[in-house]
Every structure is written in structure tokens, then in C-alpha cells.
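Down below is the structure, laid out as C-alpha cells.
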Amino acid sequence: MTSDNADRGALWDGAAVRARVAAMAQRDPRRERFGSSHHGYRLRPPLAEDTVWLFEQQHGVRLPASYRSFLKDVADGGAGPDYGLLGLTEEVDGDEALHDLREEGRRAGFLSTPFPHTSEWPGPGKDGDANYSVEGSLVIGECGCGTFHRLVVTGRNAGHVWLDDPDWGGLTPGPDFRDWYLAWLATP
């Protein structure tokens with residue numbers, strides 16, 4: 001559970017985010033920026049508190065404050081880094097790489113199990129292996145080439161977005177969800 005101060009610090013200005021995304025779309029009408037042809041600079045409608053609460057109850061977690069606020073105040077996915085953000089309960093086509101990962105994340109106890117990592121886990125391309133646990137994290141986006149963004153939901157790094165590249169780089173820690181998304185919004 002997060003403190004009230006942390007919750008207030010994580011609030012989003014939905015109108016400002018939507019305006020910034022619209023400005024990004026206007027500057028890129030031919031969708032040349034990586035991933036924009038997929039997400040089209042569209043944001044899905046925000047979720048009602050009841051929908052977020054139900055997801056949390058079903059999975060035995062409290063979503064990190066910055067992500068939770070984003071879902072309620074800005075959007076349930078859409079435009080974002082790389083191929084964009086997945087909606088919290090968005091269905092993924094069975095033929096897509098994300099399908100199996102989304103199903104894994106819906107398995108009982110998966111999200112409520114504390115994320116075990118506190119530092120990088122090297123993958124096969126870094127003299128490590130791909131045999132690592134990602135329990136306690138939710139896939140929130142795809143980078144391409146079998147690499148994904150994971151939001152840590154439980155454990156010491158809850159709220160941070162990690163890069164998951166099981167075929168090459170392994171797990172790489174990243175910033176808090178808010179900082180991660182704001183960095184994308186700030187790119188020209």
C-alpha cells in the first residue's frame with residue numbers, strides 16, 4: 001500500500017497528457033516515429049475506479065500509485081513508448097507474442113507474488129540466461145523483437161518499469177512508471 005502523499009504525487013493531469021499526445025500526432029502526420037503506426041497517437045478512455053478496484057481484488061494487489069492514477073485520469077492504454085501501452089484488461093490477439101505473457105500475468109497468484117529482482121539479470125547475450133522469474137510484474141507494452149516493458153506491481157521495485165528481453169539482454173531495471181511515460185512525452 002502506498003502513502004497518501006505518494007498517491008497525491010502520482011496524480012496525472014489527463015487534459016495536459018492528451019494535449020501533448022495530440023501535439024505529437026500533429027508533428028508526425030505520416031506516423032514515422034517508431035511504434036506510432038501501431039498506436040496512432042490514440043489514447044483509450046480512462047477506467048472507472050470500480051474497474052481498477054475489481055482488477056486489484058481479482059489479483060490480490062494494489063497497483064502502483066502512478067500507474068493506477070494514469071489508468072483513471074488519463075487512459076487505459078494506447079499511445080506510449082514503442083508500440084504503446086496495453087490497456088489493463090485489454091484482450092490481445094492469440095497470434096501476437098503478447099498473448100501468452102498476458103495470460104501468464106492473469107494466472108492466480110502471479111501478480112501478488114513479490115517481484116524477486118532488485119538489480120539487472122543478464123540474459124543470454126550478456127553471458128547469462130533467460131531462466132528468470134517475472135512474477136509480480138505486469139506486461140504493459142511491447143518494444144518489438146520479443147522485448148517487453150514490465151511494470152513491477154509487488155516487491156521492492158514496485159512502480160518501476162523494467163525492460164524484459166529474454167532472448168538477449170535479460171531483465172534491466174528502469175524508472176518509475178510516471179518518469180518513464182513523461183520521458184516519452186518529452187521526446188521531440
Side-chain angles (χ1 to χ4, degrees), residues 1-2 6-7 10-15 17-18 20-22 25 35-115 133-144 146-155 157-164 166 171 174-182 184-185:
M1 207 60 110
T2 58
D7 283 340
L11 296 178
W12 289 84
D13 180 345
V17 172
R18 285 186 285 281
R20 173 66 184 135
V21 171
S36 64
S37 62
H38 183 76
H39 60 68
Y41 296 105
R42 290 180 305 275
L43 291 168
R44 295 166 52 129
L47 293 176
E49 169 64 30
D50 291 351
T51 303
V52 176
W53 182 85
L54 181 60
F55 180 90
E56 292 173 331
Q57 295 305 303
Q58 289 172 337
H59 294 282
V61 298
R62 169 84 173 171
L63 294 172
S66 60
Y67 180 65
R68 191 176 205 284
S69 175
F70 185 90
L71 292 171
K72 294 182 347 170
D73 299 329
V74 179
D76 178 29
D82 300 318
Y83 289 113
L85 291 176
L86 288 172
L88 183 63
T89 59
E90 181 178 348
E91 293 297 323
V92 177
D93 187 331
D95 294 334
E96 292 189 31
L98 285 172
H99 181 266
D100 291 343
L101 297 177
R102 290 295 277 201
E103 291 304 309
E104 172 188 60
R106 293 178 177 164
R107 202 175 65 229
F110 185 87
L111 292 178
S112 61
T113 300
F115 186 73
S133 173
V134 290
E135 288 182 314
S137 71
L138 177 68
V139 171
I140 59 170
E142 183 177 6
C143 307
T147 304
F148 305 91
H149 295 291
R150 288 186 168 275
L151 175 68
V152 178
V153 177
T154 53
N157 285 296
H160 288 252
V161 177
W162 285 48
L163 188 65
D164 180 12
L171 275 175
D176 174 77
F177 175 81
R178 182 179 178 84
D179 294 337
W180 175 77
Y181 196 82
L182 288 174
W184 177 75
L185 285 177

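Side chain of Arg102 to backbone of Glu91: no donor-acceptor contact under 3.5 angstrom is found. In this structure, Thr113 contributes its side chain and Gly136 its backbone to no donor-acceptor pair below 3.5 Å. Between the side chain of Arg20 and the main chain of Leu185, a donor-acceptor pair closer than 3.5 Å is present. A side-chain donor-acceptor contact under 3.5 Å links Glu56 to the backbone of Leu63.
How far CG of Leu151 is from CG of Leu86: 11.5 Å, rounded to the nearest 0.5 Å. For the atom pair OG (Ser66) and CG (Asp179), the distance works out to 8.0 Å, reported to the nearest 0.5 Å. The distance from atom OH of Tyr83 to atom OG of Ser37, rounded to the nearest 0.5 Å, is 7.0 Å. For the atom pair CZ (Phe148) and CG (Leu101), the distance works out to 5.0 Å, reported to the nearest 0.5 Å. Taken from NE2 in His59 to CG in Leu54, the straight-line distance is 8.5 Å, to the nearest 0.5 Å.
Contact detail for Arg106 and Thr89: the closest heavy-atom pair is NH2-O, 3.6 Å. Annotation for Gly14 and Val74: closest pair CA-CG2, 3.8 Å, computed over non-hydrogen atoms. Here the closest non-hydrogen pair linking Asp164 and Arg150 is OD2-NE, 2.8 Å. When all heavy atoms of His149 and Asp82 are compared, the pair lying nearest together is NE2-OD2, 2.7 Å. Nearest heavy atom pair, residue Gly146 against residue Pro166, reads O-CD, 3.6 Å. Nearest heavy atom pair, residue Ser69 against residue Leu11, reads OG-CA, 3.3 Å.
Annotation: side chain of Leu88 is in contact with side chain of Leu138 (closest heavy-atom distance under 4.5 Å). Contact of the Val134 side chain with the Glu104 side chain is registered, since non-hydrogen atoms from C-beta on lie closer than 4.5 Å. Looking at heavy atoms from C-beta onward, Phe115 lies in side-chain contact with Leu171 at the 4.5 angstrom threshold. Within the 4.5 Å cutoff, no side-chain heavy atoms of Phe55 are placed close to those of Leu47. By the 4.5 Å heavy-atom criterion applied to side chains, His39 and Tyr41 are counted as neighbours. Taking 4.5 Å as the limit, some side-chain heavy atom of Arg44 sits within range of a side-chain heavy atom of Glu90.
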Do Leu111 and Thr154 pass the side chain to side chain contact (heavy atoms under 4.5 Å, CB included) test, and can you show the C-alpha distance, the side-chain angles, and the key distance before you say yes or no?
-> CA-CA 7 Å; Leu111 292 178; Thr154 53; 5.9 Å; no
From CA spacing to verdict: side chain to side chain contact (heavy atoms under 4.5 Å, CB included), Ile140, Trp180 | CA-CA 12 Å; Ile140 59 170; Trp180 175 77; 3.8 Å; yes
Just do the side chain to side chain contact (heavy atoms under 4.5 Å, CB included) check on Trp12 and Leu182 with the steps written out, would you?
-> CA-CA 10 Å; Trp12 289 84; Leu182 288 174; 3.8 Å; yes
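The aromatic rings of Tyr67 and Phe177 stand perpendicular to each other, their planes meeting at an angle above 60°, with 30° marking the opposite boundary.
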